[in-house]
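Here is the structure we will look at.
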Amino acid sequence: SGAESAAVRLAAFELGSNMVTQCTDSLLHVTHTVLRHSRGGRENQDQDQRHTHIYTHTRQHRKFKCPACDIQHLSEDELWEHYPLFHINHPNMNMDCSICRKRVGNFAVHLHNKHG
């Protein structure tokens with residue numbers, strides 16, 4: 001299959017793909033994750049408005065913004081899952097980490113190593 005060929009995978013990534021797989025389970029997992037993220041922003045925003053007093057006192061429930069696409073209301077775990085899924089092929093940029101506020105040269109590596 002095409003997913004087994006390095007040349008086919010490289011061509012797919014050069015055309016803008018973020019994932020190449022022949023595994024149905026992996027495709028289903030990513031599809032469910034993308035759907036959860038696409039619905040999650042609105043649901044999380046409503047939930048934040050109802051429970052602001054709880055979230056402001058608990059780090060686990062703090063909400064963050066993706067530095068690449070500005071999607072908001074992501075938990076630390078959601079940001080850790082979202083960034084490589086949607087922005088893995090983006091160029092490395094110096095930016096402030098929205099979780100720890102440190103200036104980093106490669107956000108994807110920093111996110112994986114420090115917050116994963």
Original post:
For N89, what residues pass the side chain to side chain contact (heavy atoms under 4.5 Å, CB included) criterion, not counting sequence neighbours?
Top reply: F13, N18

Original post:
For the hydrophobic clusters of this structure (ILVMFWY residues joined by side-chain heavy atoms under 4.5 Å, transitively), does one cluster hold both I88 and M93?
Top reply: no

Subject >> S98 versus L79, closest heavy-atom pair with distance >> reply: OG-CD2, 3.4 Å

Subject >> Between CG on residue L74 and NE2 on residue H82, distance to nearest 0.5 Å >> reply: 6.0 Å

Original post:
With sequence neighbours left out, what residues match N106 under side chain to side chain contact (heavy atoms under 4.5 Å, CB included)?
Top reply: N92, A108, V109

Original post:
Are more than 12 heavy atoms from other residues, nucleotides or ligands located less than 6.0 Å from atom NE2 of H112?
Top reply: no

**OP:** Work out which heavy atom in H73 is nearest to a heavy atom in E78; give both atom names and the distance.
**Re:** O-OE1, 3.7 Å

Original post:
Which heavy-atom pair separates N94 from G105 by the least distance, and what is that distance?
Top reply: OD1-CA, 3.1 Å

Original post:
Hey, what do you get for SG (C100) to CZ (F64), rounding to the nearest 0.5 Å?
Top reply: 9.5 Å

Original post:
Who passes salt bridge (charged side-chain N to carboxylate O under 4.0 Å, His left out) against D70, sequence neighbours left out?
Top reply: K65

**OP:** For residues 86-99, pull every pair meeting salt bridge (Lys or Arg N to Asp or Glu O under 4.0 Å), keeping only residues two or more places apart or in separate chains.
**Re:** D96-R103

Original post:
Which residues pass the ring-ring contact (aromatic ring centres under 6.0 Å, His included) test with Y83, sequence neighbours left out?
Top reply: H87, F107

Original post:
Under the side chain to side chain contact (heavy atoms under 4.5 Å, CB included) test, which residues partner K114, sequence neighbours left out?
Top reply: H110

